[in-house]
Number of protein chains: 2
Amino acid sequence: MQAAVFNALSEPSRLQIVELLRTNPHPVGEIAETLAIRQPQASKHLKVLAESGIVRAEPRARQRIYHLLAEPFGEMARWIDSFEHVWEVRLDSLGDYLQTTHTEEGAS
Amino acid sequence: MQAAVFNALSEPSRLQIVELLRTNPHPVGEIAETLAIRQPQASKHLKVLAESGIVRAEPRARQRIYHLLAEPFGEMARWIDSFEHVWEVRLDSLGDYLQTTHTEEGAS
DNA sequence: CTCATATATTCCTGTCAAGGAATATATGAG
DNA sequence: CTCATATATTCCTTGACAGGAATATATGAG
């Protein structure tokens, strides 16, 4: 797993962009308007997302329609799955886990 | 999904720490030695990971044994799953998708 | 108590990234 | 060609963050 993907998603506006593009592709202007940010900032964030392979632009007349690319999400899904034994087991026994964390230490 | 989790994972050393802790908990000294970084840097990175809820320390004599927490991984897994329609469909038709991207545009 | 080990914190410095403002580029209309 | 729209890029400034060095804190041994 490359840290660059996480880095791209670590910025709140960029994370919002990705979630906006989850359903449909969108042109830059719509993205900026939806996130209430200025157009140059949207273009900059989209550039970071594009450089990490998360999005790609499709030219359409004067607009550039951005959409998500599959690969990073597949990579992330596989990476998360490699931690399955960490979260799947503990999610339902989390309360018990937290309670027994310091069980072996009595009052000093 | 909170960007803080991605931010914590966006630093290469921290990503390595998480992958080191994937199998077993480790004390700080071992983490620093394995990653070939200095102990204070390891402590700092672990602090960031702890503040974003990814790891937790368990005191054990003079050592502090760090281990992964379940919640962020479950959260990430659910988040990735919400993009299932993006990556699952396109992963096997990616080549075709890339080829047909500009099909509608002939030579000018 | 002193000493040693394990870890955390503070201070400093340099680098990088985000936002604002202005401008450049691209494309379509006429 | 000119003009308008859509997007990208450059410059600047400021704040965040990583690493190094030194030091503080915690805990166990004696």
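The basis for the numbers below is simple: all heavy atoms, side chains too, and nothing from hydrogens, waters or symmetry mates. Just so we're clear, the structure is a prediction, and the values are computed from it rather than from any experiment. Note on naming: letters A, B, ... go to the chains in the order of the sequence lines (proteins, then strands), and numbering restarts at 1 for each one.
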Closest to side chain of A/Q63, choosing from D/dT27, D/dA6, C/dG19: D/dA6
Selected nucleotide, minimal atom distance to A/R64 side chain, candidates C/dT7, D/dA8, D/dA6: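 Shortest atom-to-atom distance from the side chain points to D/dA8.
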B/E19, CD: over 12 other non-hydrogen atoms inside 6.0 angstrom: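 Enclosed.
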Quick one: [X] [atom1] to [N] [atom2], roughly how many Å, whole number?
X	N	atom1	atom2	result
A/E51	D/dA8	CD	P	12 Å
B/E30	C/dA6	CD	P	11 Å
A/E58	C/dT27	CD	P	14 Å
A/L9	C/dA18	CG	P	12 Å
A/L35	C/dA18	CG	P	14 Å
A/R60	D/dT7	CZ	P	12 Å
B/I31	C/dA6	CD1	C1'	13 Å
A/N7	D/dA18	CG	C1'	13 Å

Pairwise ring pair (Phe, Tyr, Trp, His ring centres under 6.0 Å) hits with a residue in residues 1-31 of chain A, at least two apart: A/F6-A/W79, A/F6-B/F6
Main chain of [Y], side chain of [X]: is a donor-acceptor contact present, judged purely on distance under 3.5 Å?
X	Y	value
A/R14	A/L9	no
A/R64	A/P59	no
B/S10	B/N7	yes
B/E11	B/S13	yes

Stem segments of DNA chain D by first residue number [Watson-Crick or G-U, under 3.5 Å, at least 3]: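 C:1-30 with D:1-30 - these are the stems of 3 or more pairs that involve DNA chain D.
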Pairwise 5' ranking along DNA chain C for A/A61 and A/E11, keeping only the more 5' one: A/E11
Residue-level proximity of residues 37-50 of chain A to DNA chain C when a heavy atom falls under 4.0 Å: A/R38, A/P40, A/Q41, A/K44, A/H45
Presence of A/Y66 side-chain N/O under 4.0 Å of D/dA6 phosphate oxygens OP1/OP2: no
Side-chain N or O of A/R62 closer than 4.0 Å to phosphate OP1/OP2 of C/dA29: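 False: A/R62 side-chain N/O out of range (4.0 Å or more) of C/dA29 OP1/OP2.
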Flag side-chain contact, heavy atom, 4.5 Å: B/K47 against B/K44: no
Separation of A/I80 CD1 from B/D81 CG (nearest 0.5 Å): 9.5 Å
Flag for A/E30-A/T34: side-chain donor and acceptor within less than 3.5 Å: no
